[in-house]
Amino acid sequence: MPRRKIRVTGAPKAPLGAALAALRAELGVPEAFPAEVQEEAERSAKAPALPSYDATDLPFFTVDPAASTDLDQAMHLSRQGAGYRVRYAIADVAAFVAPGGALDAETHRRVNTLYFPDQRVPLHPTVLSEGAASLLPGRSRPAVLWTLDLDAEGRTVAVDVRRALVRSRAKLDYAGVQRQIDGGTAEEPVALLKEIGLARERLEVERGGISLDVPEQEITERGHSYELAYRAPLPADGWNAQLSLLTGMAAADLMLVTGTGILRTLPAAPDGAVARLRRTAVALHIDWPHHVSYAALIRTLDPHDPHHAAFLQECTTLLRGAGYTVFRDGKLPAITTHAAVAVPYTHCTAPLRRLADRYSAELCLAAAAGHTPPDWVLTALDALPRQMADGSRRAATVERECVDLVEAALLKDRVGDVFDACVVDLSDRQPAVGTVQLASPAVIGRIEGEHLPLGQRLRVRLTRADPGTAKVLFVPA
């Protein structure tokens with residue numbers, strides 16, 4: 001599921017660049033890998049455990065951002081009778097990471113890749129994540145290969161998963177895929193991405209699921225100040241995401257049938273969170289009639305519209321209750337579904353960037369083969385939700401602090417200016433402290449003042465915006 005995406009174009013200068021570096025130090029974010037971890041990764045890169053099944057004859061391709069080199073997924077799409085066959089290859093990280101080794105321990109310490117506006121801090125050494133384990137074109141790689149047969153409506157009718165050697169033929173990016181499909185020049189395996197993606201999107205609507213087309217916030221330096229813009233995702237982004245969701249749903253079903261697994265679960269959003277989102281809609285001049293559901297509203301929004309883009313960014317707050325739920329020996333948990341997906345779902349398609357995916361892959365491979373999962377998986381399973389929760393909290397802190405820093409940089413030359421805004425939240429313990437959403441630029445910040453009008457528009461004055469030392473602060477004008 002999406003996270004808030006924020007990026008600084010070019011190398012950020014002081015004070016923003018220095019503030020981001022200081023934030024990494026303050027949060028104790030690991031950067032360089034210990035020598036023994038790096039050495040183990042380099043050894044395993046040269047001699048991974050290779051599978052016996054060879055699928056290198058299939059012309060797989062990847063679809064990722066143009067600059068990405070940590071490629072988790074490759075696909076091959078074809079027609080299967082009146083329906084489709086989706087072959088989805090996932091990087092087999094377990095072929096490189098020995099259980100109980102220094103590299104394994106380091107991944108449990110890091111848990112996931114952390115994203116800062118100016119750089120990322122990877123889960124695995126780049127010799128693996130951007131090299132030997134990455135599904136780069138023209139290289140044979142060990143993978144967990146999912147074969148999913150779909151009917152004409154896109155519903156899953158058969159699932160197979162096994163280890164396989166695969167070879168990607170092409171590294172495609174979203175913009176290029178979109179141009180090929182729109183221009184009618186895409187070969188069938190690529191053209192089918194749209195056909196299958198649209199079918200899966202229709203099924204998502206039918207079951208009540210929600211996919212957020214979260215735009216990327218981009219802050220660009222202009223002279224001595226910054227400007228905020230949003231890059232809306234392309235339709236190809238969404239079609240590609242549907243294949244990942246399809247695989248995660250198939251994996252969850254497989255684990256539920258066998259009675260042992262780890263799910264990505266999310267309860268329904270509490271009323272208070274939705275009420276806050278409605279106030280954000282007011283601040284951004286988005287019409288949300290009370291008879292219209294959240295899911296119905298999302299499907300009417302245009303991520304190219306700056307106000308809609310800002311609202312979609314805030315919609316990610318409804319995903320904050322998501323967690324990992326372990327079950328075993330046929331004892332299913334009380335909650336097995338993910339509220340946004342609207343069915344059982346698990347993370348299994350990004351093992352280069354997320355620890356849990358390596359374990360869910362092993363559980364699914366064992367389930368499909370009718371075997372007991374490996375001891376190293378079962379031993380680690382109970383502690384995994386807590387480890388992933390700790391990693392998610394760290395990632396959320398990084399996200400929140402980075403947004404604050406970037407928005408302070410954006411507003412640093414506008415202290416004293418007055419803006420149109422709306423109070424979207426008030427502190428339970430300090431009623432004179434709240435959160436305001438500005439109409440333009442579409443940023444959020446802290447406000448302090450007596451009798452703050454929750455859910456109403458007001459004029460606010462910026463009193464502080466220093467990306468080097470403090471967050472933004474507003475007062476009623």
Side-chain angles (χ1 to χ4, degrees), residues 2-3 5 7 41-42 44-46 48-51 55-77 86-97 103 107 110 112-115 119-148 161 163-178 180 186-187 189-190 193 197 216 233-234 236-248 251 347-358 360-361:
R3 58 182 174 81
K5 305 171 186 176
R7 178 167 64 91
E42 291 173 359
S44 67
K46 297 174 182 176
L50 297 179
T56 55
D57 60 317
L58 290 170
F60 286 93
F61 61 92
T62 59
V63 183
D64 290 275
S68 294
T69 52
D70 53 342
L71 311 182
D72 286 288
Q73 313 108 12
M75 70 188 77
H76 181 264
L77 310 176
V86 175
R87 292 183 177 94
Y88 208 54
I90 310 299
D92 188 2
V93 174
F96 299 89
V97 180
L103 177 56
T107 61
R110 294 185 175 228
N112 48 29
T113 295
L114 295 176
Y115 295 89
Q119 70 177 70
R120 65 185 173 201
V121 180
L123 173 60
H124 301 91
T126 55
V127 68
L128 296 179
S129 62
E130 300 181 30
S134 178
L135 303 183
L136 297 166
R139 316 285 178 84
S140 295
R141 294 287 191 256
V144 176
L145 177 57
W146 289 83
T147 301
L148 304 123
V161 58
R163 283 196 154 91
L165 198 65
V166 303
R167 189 177 182 90
S168 173
R169 299 298 197 273
K171 178 181 181 293
L172 306 180
D173 62 81
Y174 294 112
V177 166
Q178 194 70 56
Q180 287 184 36
E187 296 182 357
V190 177
L193 179 62
E216 181 179 64
L234 296 166
D237 292 62
W239 304 331
N240 189 51
Q242 285 296 327
L243 297 189
S244 180
L245 285 168
L246 168 68
T247 309
H347 279 158
C348 66
T349 62
L352 294 175
R353 290 167 278 179
R354 198 167 46 211
L355 175 65
D357 298 44
R358 171 157 53 104
S360 57

Next item on the list: Could you go through the side chain to side chain contact (heavy atoms under 4.5 Å, CB included) check for Leu123 and Leu352 one step at a time?
Entry: CA-CA 7 Å; Leu123 173 60; Leu352 294 175; over 6 Å; no

Check: So, do Leu128 and Leu103 sit near enough that their side-chain heavy atoms are less than 4.5 Å apart?
Finding: yes

Check: Hey, are the side chains of Val97 and Arg358 touching, using non-hydrogen atoms and a 4.5 Å cut-off?
Finding: yes

Note to self: Would you say that Pro351 contacts Ile90 through its side chain, given a criterion of any heavy-atom pair below 4.5 Å between the two side chains?
What the structure shows: yes

Checklist line | Validation row: Tyr115, Arg353 side chains within 4.5 angstrom (heavy atoms) | finding: yes

Next item on the list: Determine yes or no for a side-chain-to-main-chain donor-acceptor pair under 3.5 angstrom, with Lys171 supplying the side chain and Ser68 the backbone.
Entry: yes

Notebook entry, point to check: Do the side-chain N and O atoms of Arg141 and Ser134 include a donor-acceptor pair separated by under 3.5 angstrom?
Noted result: no

Notebook entry, point to check: Which distance, rounded to the nearest 0.5 Å, do you find between the OH of Tyr174 and the CG of Leu234?
Noted result: 9.5 Å

Notebook entry, point to check: What are the two closest heavy atoms between Val190 and Gln180, and how far apart are they?
Noted result: CG1-OE1, 4.2 Å

Notebook entry, point to check: Looking at side-chain heavy atoms only, is the closest gap between Thr113 and Arg354 below 4.5 Å?
Noted result: no

Check: Would you say the side chain of Arg87 lies within less than 4.5 Å of the side chain of Leu145, judging by non-hydrogen atoms?
Finding: yes

Which donor-acceptor pairs under 3.5 Å do the side chains of residues 56-66 make with protein atoms, sequence neighbours left out?
{"residue": "Thr56", "atom": "OG1", "partner": "Asp54", "partner atom": "OD1", "Å": "2.5"}

Note to self: Could you work out, with side-chain hydrogen bond (donor to acceptor under 3.5 Å, both in side chains) as the rule, every residue matching Thr349, not counting sequence neighbours?
What the structure shows: Ser244

Next item on the list: Kindly determine whether Leu135 and Asp72 satisfy side chain to side chain contact (heavy atoms under 4.5 Å, CB included), including the steps that lead there.
Entry: CA-CA 6 Å; Leu135 303 183; Asp72 286 288; over 6 Å; no

Next item on the list: Look at atom CD of Glu187 and say whether more than 12 heavy atoms of other residues, nucleotides or ligands are closer to it than 6.0 Å.
Entry: no

Notebook entry, point to check: Counting only N and O atoms by type, is there a donor-acceptor contact under 3.5 Å from the side chain of Asn240 to the main-chain atoms of Asp237?
Noted result: no

Note to self: Determine whether Val144 and Val161 satisfy the following criterion, side chain to side chain contact (heavy atoms under 4.5 Å, CB included), listing intermediate values before the conclusion.
What the structure shows: CA-CA 7 Å; Val144 176; Val161 58; 3.5 Å; yes

Item checked: Least distance between heavy atoms, Leu193 atom then Val177 atom -> CD2-CG1, 4.0 Å

Margin query: Would you say that Phe96 contacts Pro142 through its side chain, given a criterion of any heavy-atom pair below 4.5 Å between the two side chains?
Written below: yes

Next item on the list: Please examine the side chains of Leu355 and Asn112, heavy atoms only from C-beta on, and report whether any two atoms are closer than 4.5 Å.
Entry: no

Checklist line | Value rounded to 0.5 Å, distance of CD in Gln73 from OG in Ser168 | finding: 11.5 Å

Next item on the list: Evaluate side chain to side chain contact (heavy atoms under 4.5 Å, CB included) for Gln178 paired with Trp239, printing each intermediate quantity in order.
Entry: CA-CA 10 Å; Gln178 194 70 56; Trp239 304 331; 3.7 Å; yes

Check: Excluding sequence neighbours, so at least two apart, what forms side-chain hydrogen bond (donor to acceptor under 3.5 Å, both in side chains) with Ser140?
Finding: Arg167

Next item on the list: Would you name the heavy atoms of Gly248 and Cys348 that are closest together and state the gap between them?
Entry: CA-SG, 4.0 Å

Notebook entry, point to check: So, for Ala45 and Pro48, which heavy atoms are closest and what is the spacing to 0.1 Å?
Noted result: O-CD, 3.9 Å

Item checked: Short N-O contact, Glu130 and Arg120, less than 4.0 angstrom -> yes

Check: Nearest heavy-atom pair of His124 and Ser129: which atoms, and what distance?
Finding: O-OG, 3.4 Å

Margin query: Quick check: closest heavy atoms across Ala91 and Leu71, and the distance to 0.1 Å?
Written below: CB-O, 4.4 Å

